[in-house]
Structures are given as structure tokens and as C-alpha cells.
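Start at 1 and go down the list; that is how both ligands and their atoms are numbered.
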Amino acid sequence: MDAKKIQKIVVLGTGGTIAGTAASASDHTGYTAGQLGVQHLLHAVPGLSDALQGDALVCEQLAQLDSKDMDHATWQALAQRCTHWLAQSDVGGIVITHGTDTLEETAWFLQQVLDSPKPVVLTCAMRPASALTPDGPQNLLDAMAVVRDPMAHGVLAVCAGRIHSARDVQKVHPYRLDAFSSGDAGPLGWVEQGQVRWAYPCQSAEQHPHAQRALNQSAAGWPWVAVLLSHAGADARQVSALVAAGVKGLVVAGTGNGTVHHHLLNALAQAQTQGMAVRLTTRCAEGQLVGQPAALQTAPGGLNACKARVSLMLDLMG
Ligand code: SIN
């Protein structure tokens, strides 16, 4: 299918390995993320102007982070810039360069707060820009193909030739280039030789009822929601310490089909009875909870724990 006619694609840089550099080209792990500007990354993509077919790029360096350090203020600034650009009639979509480590959380946050049918495509790299064969330039080129595709909508992630939805994407590998999976759902599509092949239609952004608060209310005041993991030897003091410290919501990644160590379960159920918002997910990498496994409220939509944390935080903004 021919790419749609658009005038501008906005590229927002946030850092990550895609913008990382190491002292040696053979070093894939001992690098510093977030060193090169987004303009520099674009210049390193061979064939980019051919792929754009006359469309213009507008670049902004929104942040320069290792995404393990992603914070709510940066999310808010990112969502505000996306909202600004998506409202311009001559902007066809946005590409965001991002670290892989929290990409899925940023993607889900944006999917919940943006309100536009236009695509927002996050892309990344597993090898720094200084590597002998960096994966960032190809991922960026693929992201351009996706953002220009007329079937692209909502917030998407593109890595290693695969297109993932914000809802399903999850980092599943700490090193290999194809580090992301959409689990049971499978990828939304693929980018092959610059062409997009869809397996499923994309979903537009799913704006949360409290999205405006996330866009406008000081990020310092967003409700504190923590994630807990149920594991052998779990200790209820984790729950009481968090409650005493003022946590507003708790997401627990349970074992298997949402079972929770009895020490934690008792403390969580008690906190829930006292009004604490508690959401249950599974720590399994794939699948979602089936039925109502525990005395705790299940997180909606089969979200993983980190995405359930984002949704609960938005719920609590009410
Ligand atoms: C990061 O998430 O910023 C560093 C790791 C990566 O991008 O792969």
C-alpha cells in the first residue's frame, strides 16, 4: 500500500542505548546511554531521505536519559509535546527514540493519555550507536515506515522489524537485538524491506478519563503507586512499610495465576479493606490471570505489573 501524503513527522529524542556510546566499537554493555542528540541519530540512518519521500522531519530533544531513570515529569513533558504536535494538521505522526528498559511503560502511559488517531511510534536499540553494527539506524528507519503507513494508529513500538502495540509490548530479553515480545497476542505486524505488513489492525489511543490531569497536574503530585512481587519468603513488612510511608496504591505481581504468598496476601487484603487501592497481576512473562484468583482486585486487561501501575496511578488521579 502507498504511504499516505503527510508533510511533517516529528521525532522526539529521549535518550536510551540508541543514543548511547562506548569507548570501543566491540563494547555492547559498558556504554553510557543517552549521549547523542536525536539529530545525530537521524544523520546516521542511510536512505532516510528516500524513505521519507519528501516528508519533512522536525526534531526535538525532549530528554537525554537512560530509561531506567524515566520519571513522571519527563512523561508529562513528553505527553504535552505529543499533544501539541498531534494537534497540528500538517503533522502526520511522531517517532520517539527511547531506551528499551522502560519503553513499554512510556508506551502504555502515552496510549492512556493521548487523544489522537495519528500514530506515535517508539523505537530504540539494544546496541549503542558506537557499536560495529548498531541496530538503532535500522529501527529508526523501520519506525519511519510505520509512522508514515496509513494503517498506523495509536501508540506503537518498533524494534527488530516487529511492530508491537502499547498494550502488549514487553521487554523480554536483556541482550539480544529482538528484545521485545507481545506475548500471546503476537506482534501487530512487521517491517520488511521498508514495507509494513500488518497482522492485525492497530487500536487508536485509549484515553483514560483522568488524562487531562496527567497532562496538567504537577507530576510531583501524582499518586505514589508501588509494585510488589510475591516470592518465596515474602515478608508482610514490605506492605506495612509502604503503607506507613504514604503509598496510595499497590500493584502485586503474584505467582502463576495470581496466587500470593500468605504473608503478603494477609497484609494486602487488610490494606485493601482499609481503603488502599490494590491490583493483582501475574509475574509470569506471558498470559494473563484467568478467573478471580485471590481476594485482591485484578488489574484490568491483562496488563503486566508495570503497566498496571501506570493505569492505577491514573485511576487514583481522580
Ligand atoms: C535504556 O533503557 O535507556 C538503556 C537500555 C537500552 O536502551 O537498551
- Is ligand 1 less than 4.0 angstrom away from at least one heavy atom of Ala179? no

- Task: Could you tell me whether Arg148 and Asp55 have a side-chain N and a carboxylate O separated by less than 4.0 Å?
- Result: yes

- Message: Check this for me: does any side-chain nitrogen of one of Arg197 and Glu192 sit under 4.0 Å from a carboxylate oxygen of the other?
- Response: yes

- NZ/NE/NH1/NH2 to OD/OE distance under 4.0 Å, Glu104 and Lys171: no

- Protein contact of atom 5 (C) of ligand 1 - nearest heavy atom, named by residue and atom, plus distance: Thr17 OG1, 3.0 Å

- Item | salt bridge (Lys or Arg N to Asp or Glu O under 4.0 Å) evaluation trace for Asp135 with Arg127 | CA-CA 6 Å; Asp135 52 329; Arg127 289 184 183 162; 5.7 Å; no

- Query: Do Asp66 and ligand 1 have an N or O pair less than 3.5 Å apart?
  - Reply: yes

- Task: Please find out if less than 6.0 Å separates the ring center of Tyr200 from that of Trp190.
- Result: no

- atom 8 (O) of ligand 1: which protein heavy atom is closest, and how many Å away? Thr100 OG1, 2.5 Å

- Task: Give yes or no for whether the N/O distance cutoff of 3.5 Å, strictly under, is met between Asp101 and ligand 1.
- Result: yes

- Query: Starting from atom 3 (O) of ligand 1, which protein heavy atom do you reach first, and at what distance in Å?
  - Reply: Ser67 N, 2.6 Å

